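Quick notes on the structure that follows.
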Amino acid sequence: MAAVSCRGVTKRYITGSTHVLALRGIDLDARMGELLMLVGPSGCGKTTLISVIAGILDHDEGDCVVFQHDLRNLSQGKKIRFRGKNVGFVFQAYNLLPTLTAAENVAVPLLILGEGRLQAQAKAKEMLSQVGLKDKMNALPNQLSGGQQQRVAIARALVHEPRLIVCDEPTSALDADTGRLVMEGLRHNALSSGRALIIVTHDNRIFDFADRIARMDDGRITLIESQVASA
Ligand SMILES: Nc1ncnc2c1ncn2[C@@H]1O[C@H](COP(=O)(O)OP(=O)(O)OP(=O)(O)O)[C@@H](O)[C@H]1O
Ligand SMILES: [Mg+2]
């Protein structure tokens, strides 16, 4: 079943008199129980595309349907609630809240969904243990290395068990071994319960975790390859 279905999706950024056509007609599906990777050169539109898919950014033309919802047709409030419940997003720049500890950052999606503080903290700590940060629960983001902050961001995207997990370069700050460990965890966590996982990456060390690899160039999908994932 398709978790995400994009047909003819376009997105133009307008800054003053400058227009950038970042998405030029994207056709792409992401399926439940699948890890889809999105690869392509810098500036080709990867972050733009996953931001549209996650409901963070509105596209211009075409259709983007996520779990049977066309996000453009939802009011801002409904869209935020839909996203809060169904989507986990790992930002390219992590976007951790600087005044909250690692555990508090990870608990945020649960608190937004109305979970009690104690239970949210317990789940956040369990999630941080899974990404190898058991001893960093109470550290603030600026007391963590880049790779540790990246893993906090991954834990935050998974903690509320969303049906769709979207990660923008989740291993960019990680060494090879930690990157593979995080990918194994992500793949296991997401796919064992039939969720959909979309990962943007330049990191060819993790390509073998993908079920399909979509190649993007200049706002278009140029090739989609299927493979037998190694993990
Ligand atoms: N907020 C914005 N305003 C104007 N132009 C933008 C904005 N965000 C992105 N762009 C432009 O849209 C195009 C696609 O950008 P995008 O961030 O989606 O690329 P990307 O594939 O994620 O690149 P990278 O691999 O470097 O992260 C680029 O030409 C970029 O300069
Ligand atoms: Mg990007």
Side-chain angles (χ1 to χ4, degrees), residues 3-30 34-66 71-72 76 79-80 83 87-96 141 145-147 149-158 162 164-176 178-179 182-183 186 190 196-210 212-225:
V4 177
S5 178
C6 295
R7 292 292 174 272
V9 169
T10 68
K11 173 67 188 177
R12 188 186 301 272
Y13 291 107
I14 302 173
T15 326
S17 59
T18 312
H19 289 220
V20 176
L21 191 50
L23 302 178
R24 297 168 181 262
I26 298 286
D27 294 331
L28 184 68
D29 289 337
E34 173 188 73
L35 197 171
L36 173 68
M37 277 186 195
L38 195 56
V39 303
S42 178
C44 74
K46 304 179 298 294
T47 297
T48 304
L49 176 56
I50 59 168
S51 302
V52 166
I53 288 172
I56 293 168
L57 197 65
D58 280 338
H59 59 288
D60 295 321
E61 296 154 312
D63 295 310
C64 181
V65 177
V66 182
L71 299 185
R72 259 191 325 182
Q76 196 59 20
K79 195 171 11 181
I80 289 169
R83 207 165 65 209
V87 184
F89 199 96
V90 179
F91 291 89
Q92 197 162 9
Y94 320 146
N95 292 15
L96 299 178
S145 71
Q149 290 179 50
Q150 192 159 38
R151 282 180 280 158
V152 175
I154 291 168
R156 182 180 58 182
L158 297 176
L164 171 65
I165 298 151
V166 184
C167 308
D168 205 348
E169 303 275 3
T171 59
S172 59
L174 303 179
D175 62 82
T178 313
V182 163
M183 281 305 301
L186 259 175
L197 186 49
I198 303 176
I199 294 186
V200 167
T201 189
H202 283 111
D203 185 355
N204 58 14
R205 299 171 304 181
I206 63 166
F207 284 179
D208 53 332
F209 285 95
R212 287 190 303 148
I213 300 182
R215 298 195 183 267
M216 233 183 132
D217 196 15
D218 196 17
R220 292 191 177 87
I221 303 287
T222 54
L223 182 68
I224 301 178
E225 299 161 287

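All of these numbers come straight from a predicted model, not from anything done at the bench. Atoms within a ligand are numbered from 1 in the order they appear, just like the ligands themselves.
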Exercise for the section: Could you please spell out the steps behind the side chain to side chain contact (heavy atoms under 4.5 Å, CB included) verdict for Leu158 and Leu186? Expected result: CA-CA 8 Å; Leu158 297 176; Leu186 259 175; 3.9 Å; yes
Problem - Derivation and outcome, side chain to side chain contact (heavy atoms under 4.5 Å, CB included), residues Arg205 and Met183 - result: CA-CA 10 Å; Arg205 299 171 304 181; Met183 281 305 301; over 6 Å; no
Exercise for the section: Give the C-alpha distance, both sets of side-chain angles, the deciding distance and a yes or no for side chain to side chain contact (heavy atoms under 4.5 Å, CB included) between Phe91 and Asp168. Expected result: CA-CA 5 Å; Phe91 291 89; Asp168 205 348; 5.9 Å; no
Problem - Phe207/Thr201 under side chain to side chain contact (heavy atoms under 4.5 Å, CB included): CA gap, chis, key distance, verdict - result: CA-CA 8 Å; Phe207 284 179; Thr201 189; 3.7 Å; yes
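Protein heavy atom nearest atom 15 (O) of ligand 1, with residue, atom name and distance: Thr48 OG1, 3.8 Å. Ranking protein heavy atoms by distance to atom 30 (C) of ligand 1, first place goes to Val20 CG1, 4.8 Å. Annotation: atom 17 (O) of ligand 1 to nearest protein heavy atom, Thr47 CB, 3.8 Å. The shortest contact between atom 26 (O) of ligand 1 and any protein heavy atom is with Ser42 OG, 2.6 Å. Atom 25 (O) of ligand 1 has as its closest protein heavy atom Lys46 NZ, 2.7 Å. Closest protein heavy atom to atom 8 (N) of ligand 1: Tyr13 CZ, 3.4 Å.
Atom 20 (P) of ligand 1 is approached by the protein to below 4.0 angstrom, counting heavy atoms only.
Judged by distance alone, the side chain of Arg156 and the main-chain N or O of Tyr94 form a donor-acceptor pair under 3.5 Å. Glu61 places no side-chain N or O within 3.5 Å of a backbone atom of Gly8 that could act as its donor or acceptor partner. Between the side chain of Gln149 and the main chain of Pro141, a donor-acceptor pair closer than 3.5 Å is present.
By the 4.0 Å N-to-carboxylate-O rule, Asp60 lies too far from Arg72 to be salt-bridged with it.
Separation of atoms CG (Asn95) and CZ (Phe89) is listed at 9.0 Å; rounding is to 0.5 Å.
Looking only at atom types and distance, the side chain of Asp217 has no donor-acceptor partner in the side chain of Thr222 under 3.5 Å away.
Among pairs with a residue in residues 8-26, those fulfilling salt bridge (charged side-chain N to carboxylate O under 4.0 Å, His left out) read Arg24-Asp218, at least two apart in sequence or across chains.
Contacts between Gln92 and ligand 1, counted as non-hydrogen atom pairs separated by less than 4.0 Å, involve the side chain only.
Between Gly40 and ligand 1, not a single N/O pair is under 3.5 Å apart. Checked against a 3.5 angstrom limit, the closest N/O atoms of Glu169 and ligand 1 fall outside it. An N or O contact shorter than 3.5 Å links Cys44 to ligand 1 by distance. In terms of polar-atom proximity, defined here as any N/O pair under 3.5 Å, Gly43 does make such a contact with ligand 1.
At least one side-chain heavy atom of Ile198 sits under 4.5 Å from a side-chain heavy atom of Leu164.
Distances shorter than 2.8 Å separate the Mg ion (ligand 2) from the protein N/O/S atoms Thr47 OG1, Gln92 OE1.
Each of Leu23, Ile26, Ile53 was checked for a side chain to side chain contact (heavy atoms under 4.5 Å, CB included) with Cys64, and the lone residue meeting it is Ile53.
For ligand 1, the atoms sitting less than 4.0 Å from at least one non-hydrogen atom of Thr15 are 4 (C), numbered in the order shown with element in parentheses. Residue contact check: His202 has heavy atoms under 4.0 Å from atoms 25 (O) of ligand 1.
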